[in-house]
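The structure appears right after this line, and notes come after that.
We count ligands from 1, going down the list as the structure has it; atoms in each ligand are counted the same way.
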Amino acid sequence: MKRIVSYVVLAVVSLATLQAGSKPTTLRQALKNDFYIGTALNRGQYLGTDEKAFNLVPKQFSAIVAENCMKSEKLQPREGEFFFDDADKFVAYGQKHKMWITGHTLIWHSQTPRWFFVDSEGKEVSKEVLVERMKKHIHTVVGRYKGKIKGWDVVNEAIEDNGEWRKSKFYKIIGPEFIKLAFQFAHEADPKAELYYNDYSMALEGRRNGVVNMVKDLQSQGVKIHGIGMQGHVGMDYPTIQDFEKSIVTFAGLGVKVMITELDLSALPTPQGNRGANVSDVAAYNEKINPFKNGIPAEAEAAWEKRYMDFFKLFLKHKDKVTRVTLWGVSDKGSWKNNFPVRGRTDYPLLFDRDYNAKKIVQLIIDEASK
Ligand code: 9MR
């Protein structure tokens with residue numbers, strides 16, 4: 001009898017130890033059965049000069065995207081002159097740590113070098129020339145990383161808040177079919193790669209409807225599109241969780257994957273009319289809208305945590321539709337939000353503080369995912 005009791009005690013103790021041992025301690029572990037948890041990386045972070053990030057990222061994240069080094073102005077600064085050094089290292093880093101790598105971004109109105117749209121005399125090029133340049137850029141870049149980069153943001157930010165086409169150079173010179181062509185070129189270059197449309201302010205009704213119409217149109221023509229990226233540059237007062245949810249559900253209803261691709265939650269007041277992520281929409285600085293330059297007060301941080309958790313609860317609720325949640329940066333220090341929409345503020349939008357310490361929010365997310 002005594003022996004049986006001690007066996008039972010032993011079994012209970014071992015089970016408890018096993019359970020304690022298997023308790024996830026990182027975002028990557030905690031979310032592994034739900035969706036990829038990703039981050040955007042800047043140069044020092046994947047090259048290793050920023051040692052803290054270099055070591056922390058593979059532990060906490062299962063997916064990466066380049067914040068800047070794969071944009072066309074970096075990859076093809078002059079016609080026919082490709083620069084792949086940084087992108088190659090970024091991809092090698094992702095492969096080494098078995099992280100899902102997203103290519104960002106092939107066709108975007110911003111950060112496209114000027115030569116793309118003009119001839120040697122500076123005159124705007126014809127539709128034929130621009131289509132040819134798009135094709136060469138996409139074929140070269142996607143072809144180089146075939147089989148390594150498994151998903152591409154093919155077209156970025158082509159639709160306005162009201163659902164109309166953005167009047168970008170691509171649109172003006174080629175017409176809306178530039179989108180279809182970009183997807184076709186990407187598919188030709190790597191038929192196995194997932195192809196995404198990516199945009200901000202996706203919870204707005206106008207943009208949601210515009211994206212739905214565009215995707216349906218592409219699908220009806222047999223164009224391969226596998227996912228919709230909702231960037232997720234959100235604030236304390238926008239958008240509502242309900243509107244965001246409506247977009248997740250509506251997009252998934254098109255039969256494509258949904259990804260949250262550039263998540264950051266600003267803790268700062270939003271200047272009037274600056275709810276998007278259009279890089280040129282900046283507002284003037286004043287002290288009132290930079291309230292936390294010496295640290296975020298506990299109350300403000302608690303409100304920020306609660307709102308972040310509302311979003312993460314939403315993503316977990318829809319984990320059958322959401323395949324990846326990617327933060328737009330690792331630590332507050334490097335976040336673009338310190339300079340957008342107002343230059344020179346001190347913002348707190350990410351999960352790790354300025355010294356790469358995990359904020360309390362990290363544990364809250366781990367707990368929520370482990371429930
Ligand atoms: O975070 C990026 C920042 O470092 C660049 O200066 C900026 C240039 O346009 O682009 C930022 O990233 C953008 C992303 O590529 C597309 N969606 C909006 C992001 C924030 O502007």
Going by atom types only, do [X] and [Y] share a side-chain donor-acceptor pair under 3.5 Å?
X: Lys136; Y: His139; result: no
X: Thr240; Y: Asp243; result: yes
X: Asp347; Y: Asn338; result: no

Looking only at distance, does His104 have an N or O less than 3.5 Å from an N or O of ligand 1?
-> yes
Quick one: which ligand 1 atoms are inside 4.0 Å of a heavy atom on [X]?
X: Asn156; answer: 16 (C)
X: Ser110; answer: 9 (O)
X: Val279; answer: 9 (O), 21 (O)
X: Glu67; answer: 1 (O), 2 (C), 3 (C), 4 (O)
X: Gln231; answer: 17 (N), 18 (C)

Determine, considering heavy atoms only, which of Glu262, Glu157, Lys71 sits nearest to atom 19 (C) of ligand 1.
-> Glu262
Nearest non-hydrogen atom to atom 12 (O) of ligand 1 belongs to which of Trp328, Phe340, Trp336?
-> Trp328
Which one holds for Asn42 and ligand 1: side chain close, backbone close, both close, or neither close, with close meaning a heavy atom under 4.0 Å?
-> neither
Given Tyr93, Trp100, Tyr36, the one that forms side chain to side chain contact (heavy atoms under 4.5 Å, CB included) with Ile64 = Tyr93
Is the Lys NZ or Arg CZ of Arg144 less than 6.0 Å from the centre of Phe82's six-membered ring, within 45° of the axis?
-> no
Within 6.0 Å of CD in Glu205, more than 12 heavy atoms from elsewhere = no
Atom 8 (C) of ligand 1 [closest protein heavy-atom partner, distance rounded to 0.1 Å] | Gln111 OE1, 3.1 Å
heavy-atom search around atom 5 (C) of ligand 1 in the protein gives Asn68 OD1, 3.4 Å
Do Asp353 and Lys333 sit within salt-bridge range, that is, some charged N less than 4.0 Å from a carboxylate O?
-> no
Are Ile149 and Thr102 close enough that some pair of their side-chain heavy atoms sits under 4.5 Å apart?
-> no
